[in-house]
Structures are given as structure tokens and as C-alpha cells.
Amino acid sequence: MQILYIIFQSLIFPGLLFIFFIALATQWIVRKIVARMQNRMGPAYTGPYGFLQPFADFFKLMGKEDIDVVGSAGAAVATLLLLALGALVALILMIPASPWGLYAPGDVIIALYLLLWPTIALVVAGFAVPNAFSATGSSRFLSLVFAYEPPFIMALLVPVILATRYVGAEYSLYITALNSATLWTKPGSAIAMALALFAAILALQAKLMKKPFDIPEAEQEIIAGIFTEYSGPKLALIILLHDIELAVLSLVIVYLFLGGPAPLTGPLGIISVAIKYFIIVLIVSWIRASAARLRVDQAIAILWKYVLPAAIISLIISFFV
Amino acid sequence: MVLLVSLGMLLPAAIFAIMYLKMRRPAEVEGDKKWIYACGEYWELERMAVSPQSLFWAVWRKVFVRLYNALIEKVHSGVPSDWLIYMIIILALAVLALSIVVTGGGS
């Protein structure tokens, strides 16, 4: 019976179908917010208020010619992208977005493993084509990975450690997410949570390659960086991977740091989650729309000077409070 | 748990793979249209590689040179054993941090 639940969850809710819709809807929200901040209209023609534009873009790209340049490893890249998409969908099964979530003691390790799939897929995608711009983009992304990934992982561990200490979550992502609202009620753990939330959001910005951390795909310098040689279905998968990453990681932050549906319960909790999710997406879009691109060394310096110390301090506090 | 998560990962990946294989159109470009050109000339595949010195290491060298210069100016007295003292301090802090992690902060 559990297998049937897993199949339903991974394919329908909150898995593939749900997250596919949420991810492309989020892309529309981001495009609208950024456009309005830049005095543009954003998507306007396909569907009401242009809502169906991301869906139209995706299906149009998927139906195009699948071209691999000479010397590229197209099949390997496609396989990695597909597995990375699957990994993100699997991650959503480990938070209480689903009524029959997957959990076990220490499952945070599995979650961190799943989180690495998109990063690996994108790095390999850049190095898998014979293009100097792609290789440069991948190299820049790899440099950023070493700057944002440690604080991001540390920040995600903070609520897990606190929940293990306070409510016996046994390093489980799912149980932590169920109890994360209570972690804000004690002054010491609230400080740790606030610092970790700050680190997680800024590291998320770098992980998603949004401005000011869009260095790996800086159009004016390296064409499209990692994505220069990609078109058609592979580009559709890359864009979808980006969108699903934003949607899933925002939901993970909502559940781990912001208490999920709290303070509401039952069906009203969905509204609470939606509002918190929108706030995270709004913050990401706001920073993207209002910040200029950093140089790669500046980005690393910012991540190490401000984000990493915040994550380390929150981690240390979480051990002592 | 690991098997269930793997199932949860591979099922959507399989559906995406079916979508990818069924919806894409096979490439029709052939011959010299797929070759590599730079500045209007045909280039050998080997020439497209960027040297590692120009990629990853260039960034890190730049970051660490700045850090090294800042350290030299601020914390180094000129006596070589300074680095030894710093190494011992850092290792002691690392052992302390590890012991805190292993013991769960005394809980």
C-alpha cells in the first residue's frame, strides 16, 4: 500500500504534476514582479494576464529540434537533467507538503544528497560541450558552489538540530518541518533561526544564479554561460530545472524556517503556506530586480564575509541553546 | 526509506524522460552545420578547450591572493613560526568544534 502512496505522491501530489504547475506558475510570478519593477508588462498575451506563457514556452521548446554540437555529450547531459528533476520531486516528498510524507531518523542526509543533483547536472552541462563560454560559465558556477553550498547546508541543518534537541526529531527533515514553528518561541533558538534564514535566502539566491549572483550566465560577458550551446528540449529541461529548484527550495524554506502552515491549521493552513511561499519568491525576485551583477570574486567575498559567518554562528548557537 | 526516495526520484525522472523522448524532434542539421566555427573559420575540437589555469584556479587565486595579502599585513609579525602558531590554534578550534558536534553540545 505504501508503494501505491509513493507512486501517487511522486506523480500527482505533491510530486511531478503539482510541482510542474507550481514551478511554471512561480516563473510567471517572478517574471511579472521583475517586469513591474522595471516598468515593463511582463508576460501578457498567452492566457489571462499571460499566465500560460511559461507553459507555452516549455512545450514549444520541448517540440523543437534536439541538436547536439560535435563533441558534446548530449545524452549524458539529458540523463543528468532528468535525474536532477527527479531528485527535486523526491525532495518535496520529504516535507509535510504531502499527507503521507517520507521520513526516517537522519533523513536530512538524503535531503542534502538530493539537493546536490541540480548543481552537479548544471556544472556537467557546461563542461559537456566544446564551448569556451560554457566552460567559463561552469567554472564560475563551480567557484560559487564552494562559496554558497556550505552556508546553505549549515543553514538547513540549524532547524534540524534545534528540533532534534527540543522535540526529538532525530535529524529528520519531515519531523523538523512539522515542529519548526515552535523553534521561534525560545529567544536563543529564534536568534539561530533568524540568522540561518538570512543565510539560507542569500545562499538560495546564489544557488539559483539570480542577480546579483548570475555570474555563470552573465549575458554581456559570456553569451549565456553554461547554457550557450543548449536549445530546444534540453534548454526546456534546464529552464524547468531552474523553476522547480526555486519552487522546491522555497517550499523547503517555508516548512523548515517559517513553520509551514502555522499559525493556521487544516485547509486554512494551505493559505498560510501559499502566503509564506509568495513572500520568499517576492524576496528572491526583489533582489534579482534591484541588484546589479557582482564579479565572481566579489560574490565569493560577500558569501564568505556575511553569509558563511551567519550560518556558522547560527549553527554554533543551535548546539548551545 | 532510501529505496522509497529512490523510487520517488526515478518515477518522475522516467516520466520526464518519456516526455523528452516523445516530444523532441530529431535533429535535421547535418555535416558542416554541426561543426565548430570561431570567427568564421572551422576549428578543431581540441582547440576549443579552455586551460584550467584560465578557469577555476584563476578565480580562487584571485580570492586567496587578496586574503593572503590581508593576512600578511595584519597578522604576521615576520617571524616564520607565526604560521605554526596559527595552524595549532586552528587545529585546536577544529578539534573543539568536532567534539561539540560529536557530543551534541553536552546534551
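Values below: every heavy atom of this structure, side chains too, minus hydrogens, waters and symmetry copies. From a predicted model like this one, the values you see are computed outputs, not experimental measurements. By convention in this document, chain letters (A, B, ...) are assigned in the order of the sequence lines, proteins followed by strands, and residues within each chain are numbered from 1.
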Worksheet, complete the sentence: What one should report as the nearest heavy-atom pair of A:A299 and A:F213 is CB-CD2, 3.8 Å
Fill in: Side chain to side chain, B:V5 and A:M94, heavy atoms closer than 4.5 Å
yes
Worksheet item: If you round to the nearest 0.5 Å, how far is CD1 of A:I215 from CZ of A:F141?
Response: 11.0 Å
Fill in: Which atoms of A:L16 approach chain B - backbone, side chain, both or neither, heavy atom under 4.5 Å
side chain
Worksheet entry | Any pair counted as side-chain hydrogen bond (donor to acceptor under 3.5 Å, both in side chains), so long as it reaches residues 68-78 of chain A, sequence neighbours left out | A:D68-A:K234
Practice prompt. Determine whether A:L83 and A:W117 make a side-chain contact, defined as any pair of heavy atoms from C-beta on separated by less than 4.5 Å.
Written response: yes
Worksheet, complete the sentence: Between A:I222 and A:G137, the two heavy atoms sitting closest are CD1-CA, 3.8 Å
Practice prompt. Could you tell me which portion of B:L4 (side chain, backbone, both or neither) has an atom closer than 4.5 angstrom to a non-hydrogen atom of chain A?
Written response: both
Worksheet item: How far apart are the C-alpha atoms of A:F319 and A:L315, what are their side-chain angles, what is the distance that settles it, and do they pass the side chain to side chain contact (heavy atoms under 4.5 Å, CB included) test?
Response: CA-CA 7 Å; A:F319 276 115; A:L315 197 63; 4.2 Å; yes
Worksheet item: So how far is it from A:I22 CD1 to A:L17 CG, rounded to the nearest 0.5 Å?
Response: 10.5 Å
Item to complete: Provide the closest heavy-atom pair for A:Y171 versus A:V160 in the form atom of the first, atom of the second, distance.
Response: CA-CG1, 3.5 Å
Item to complete: Side chain from CB out, backbone as N, CA, C, O: work out which of these in A:I316 comes under 4.5 Å of a heavy atom of chain B, or both, or neither.
Response: neither
Practice prompt. Please say whether more than 12 non-hydrogen atoms of neighbouring residues, nucleotides or ligands are located less than 6.0 Å from CZ in A:F20.
Written response: yes
Worksheet item: Can you say whether A:I300 sits under 4.5 Å from chain B via the side chain, the backbone, both, or neither, judging by heavy atoms?
Response: side chain
Discussion item. Does any backbone or side-chain atom of A:L11 lie under 4.5 Å from a heavy atom of chain B? Answer side chain, backbone, both or neither.
Written reply: side chain
Worksheet, complete the sentence: Max heavy-atom pairs within cutoff under 4.5 Å with chain B, candidates A:A301, A:G15, A:S139, A:P233, goes to A:S139
Worksheet item: Closest approach of A:P118 and A:L115, non-hydrogen atoms and distance?
Response: CD-O, 3.3 Å
Fill in: Side-chain touch A:F18/A:I12, heavy atoms, less than 4.5 angstrom
no
Fill in: Toward chain B, the part of A:L114 with a non-hydrogen atom under 4.5 Å
side chain
Discussion item. On a heavy-atom basis, which atom in A:S172 and which in A:Y103 lie closest, and how many Å separate them?
Written reply: OG-CB, 3.7 Å
Item to complete: Identify, with sequence neighbours excluded, every residue that meets side chain to side chain donor-acceptor pair (under 3.5 Å) alongside A:E229.
Response: A:N131
Worksheet item: Mind checking which of residues 16-25 of chain B sit less than 4.5 Å from chain A, heavy atom to heavy atom?
Response: B:F16, B:A17, B:M19, B:Y20, B:M23, B:R24, B:R25
Fill in: chain B contact via A:L102 - which portion, at a heavy-atom distance below 4.5 Å
both
Worksheet item: Using non-hydrogen atoms only, which part of A:L93 is less than 4.5 Å away from chain B: side chain, backbone, both, or neither?
Response: side chain
Practice prompt. Would you indicate whether the side-chain heavy atoms of A:L144 and A:R140 approach each other to under 4.5 Å?
Written response: no
Worksheet item: Who in residues 55-62 of chain A is close to chain B, using a strict under-4.5 Å heavy-atom cut-off?
Response: A:F58, A:F59, A:M62
Worksheet entry | Heavy-atom proximity to chain B below 4.5 Å, by part of A:L88 | neither
Discussion item. I need the residue from B:A14, B:A27, B:S6 with the largest number of non-hydrogen atom pairs under 4.5 Å to chain A.
Written reply: B:A27
